[in-house]
Amino acid sequence: MNIDVVLNALSTPDELARLAVQAEAAGVGAVWTASYLASRDPWSNLVAAAQATTRIELGAIAVNPYDTHPVRIATGLLTLNEYAGGRARIVVGGGGEALQALGIKPERRVRAVGECVQILKGVTPGTPFSFAGQAHQVNGYNPFWARAPKPPVYVAVNKPQMLRMAARFGDGIMLSDLTPPICVERIGWVRDHLQEFGRAAEPFRYYNFVAWHVYADRQRAMREARMWLGYRGLFRRWVLNTFMTDAEYDVIESHKAEIYGMVPRKAWSVPGVPDALLDSCVSNLTLAGTPADIPRFVEHLRKMRDAGCTDIVLELHAEPAEGIRLIGEQVIPVLKP
């Protein structure tokens, strides 16, 4: 199983390059950075990392076709891919905080994301490309300047219809914050769909996104993990019911706004929500603790590998260099093929 890392989208190009060099030396498979409304552009921000490295994959996660047209997404992806010599990657999704900030309603999500994936995969430098979809249209797009091999296109998915679409058009899926039993179920669905579409023999990658909060100070790790819970796919009953009751989930759901608000408030508790309930979410949805807990985290990741995950994406926070060091020394040697 490959281990990737997600780095802070607010990092400078020089910071990303330095961390990418370290990650490459540690055996990390890919460096990802998010596409946030207020962050640097992920494509140009990774150019320095592309120039400083030779092997590691580089990509944006997750880009949506609502705030950026697929053709403009393709241009950014192919530009980075040129700098990286074919090592660029992309995850396409149907959400993101930018949509709410811009007042965009993501209508017909499966259709819009599916058409975006088809456009990104259909573009062939040197040949004008046209596409007549219901959500997106393209007329004669031809990035003739692109020379590197076409980059793979992965899809951020969790639910049935999006999983089926990803199996039809994508090169892989990226699940987010899912427990091993749910990974087994979702990956099984995708494999069935690949058979349905005659793609069972094609290479296909199965990612799961997991938050990494590991510091010498356990309290610091738990507080940071709690603070970011709102971004961990927390408000999905079908996920949380694998480790809590309906009544407990109702408490979480009824405090949605306050839980999301922990990050801007730099808080790690919510009035009305028992700390023990938040800690249960941290324990089941994240990797949070001290370096002494890493063997236990490795066992958890091994269960994801056994569930069918080919790649794990670990999101790093306050000390990315230390996180990369620990992952390179204690996680990758155990789990990498």
Side-chain angles (χ1 to χ4, degrees), residues 5-13 15-16 19 31-42 45 60-64 66-68 91 93-106 109 156 158 174 176-178 209-237 239-240 244 248-289 313-323:
V5 297
V6 180
L7 299 178
N8 192 329
L10 297 176
S11 299
T12 67
E15 290 169 336
L16 288 181
L19 292 168
V31 163
W32 300 88
T33 188
S35 178
Y36 293 139
L37 185 64
S39 66
R40 291 178 172 84
D41 171 71
N45 206 21
I61 170 180
V63 182
N64 76 78
Y66 293 101
D67 62 20
T68 308
V91 176
E97 46 82 44
L99 303 187
Q100 183 176 2
L102 297 175
I104 298 172
K105 183 179 180 180
R109 199 185 306 260
N158 283 306
M174 187 171 288
S176 63
D177 310 292
L178 296 190
F209 182 103
V210 186
W212 173 275
H213 307 275
V214 180
Y215 305 106
D217 183 341
R218 180 178 300 277
Q219 185 181 65
R220 177 190 181 192
M222 294 300 293
R223 285 178 171 179
E224 182 183 84
R226 277 197 206 168
M227 185 172 69
W228 285 94
L229 275 177
Y231 296 81
R232 297 279 65 82
L234 192 65
F235 305 104
R236 299 179 295 194
R237 188 181 294 271
V239 175
L240 270 61
M244 69 171 58
E248 289 172 326
Y249 177 81
D250 289 341
V251 173
I252 296 289
E253 177 69 27
S254 66
H255 292 82
K256 180 185 295 187
E258 297 95 323
I259 292 173
Y260 273 130
M262 284 195 289
V263 171
R265 291 188 292 109
K266 298 188 182 303
W268 46 81
S269 63
V270 173
V273 180
D275 287 346
L277 196 54
L278 295 178
D279 287 342
S280 177
C281 294
V282 167
S283 297
N284 286 276
L285 299 178
T286 76
L287 304 179
V313 184
L314 300 176
E315 182 185 36
L316 308 183
H317 286 269
E319 296 181 9
E322 177 64 6

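Every residue meeting the side-chain contact (heavy atoms from CB on, under 4.5 Å) condition with Glu224, not counting sequence neighbours, appears here in chain and number order: His213, Tyr215, Trp228, His317, Ala318. Legend: residues meeting side-chain contact (heavy atoms from CB on, under 4.5 Å) with Asp177, ordered by chain and number and at least two apart, are Phe209, Arg232, Arg236. The side-chain contact (heavy atoms from CB on, under 4.5 Å) search around Arg218 returns Met222, Thr290, Asp293, not counting sequence neighbours. Residues satisfying the side-chain hydrogen bond (donor to acceptor under 3.5 Å, both in side chains) criterion with Asp250, sequence neighbours excluded, are Arg237. Looking at residues two or more places apart in sequence or on another chain, you find a side-chain contact (heavy atoms from CB on, under 4.5 Å) between Ala9 and Thr33, Ala34, Tyr36, Ser39.
The two residues Glu248 and Leu277 make their nearest non-hydrogen contact at O-CD2, 3.6 Å. Residues Gly289 and Ala221 come closest through the heavy atom pair O-CB, 3.4 Å. The heavy-atom pair separating Leu285 from Val210 by the smallest distance is O-CG1, 4.2 Å. A pairwise comparison of heavy atoms in Leu16 and Asn8 identifies CD2-O, 4.1 Å as the closest pair. Closest non-hydrogen pair, Leu287 versus Val214, comes out as O-CG2, 4.0 Å. Of all heavy-atom pairs between Ser11 and Asn45, the closest is O-ND2, 3.0 Å.
Side-chain contact check for Ser176 and Asn158: at least one donor-acceptor pair (N or O, by modelled atom type) lies under 3.5 Å.
Each of Leu7, Val31, Leu316 was checked for a side chain to side chain contact (heavy atoms under 4.5 Å, CB included) with Leu19, and the lone residue meeting it is Leu7.
Taken to the nearest 0.5 Å, the CG atom of Leu229 stands 9.0 Å off from the CG atom of Asp279.
Of the possible donor and acceptor atoms, none in the side chain of Ser280 sits under 3.5 Å from a partner among the backbone N and O of Ala276.
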Review item, side-chain donor-acceptor pairs of residues 258-269, under 3.5 Å, at least two apart:
from   : atom 1 : to     : atom 2 : distance (Å)
Arg265 : NE     : Gly261 : O      : 3.3
Arg265 : NH2    : Glu258 : O      : 3.3

Quiz prompt | CA sep, side-chain torsions, deciding dist, call: Arg226, Asp275, side chain to side chain contact (heavy atoms under 4.5 Å, CB included) | solution = CA-CA 9 Å; Arg226 277 197 206 168; Asp275 287 346; 3.5 Å; yes
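Considering only heavy atoms from C-beta on, Met244 comes within 4.5 Å of Cys281 through its side chain.
Electrostatic pairing of Glu15 and Arg40 does not count as a salt bridge here, judged by no charged N lying under 4.0 Å from a carboxylate O.
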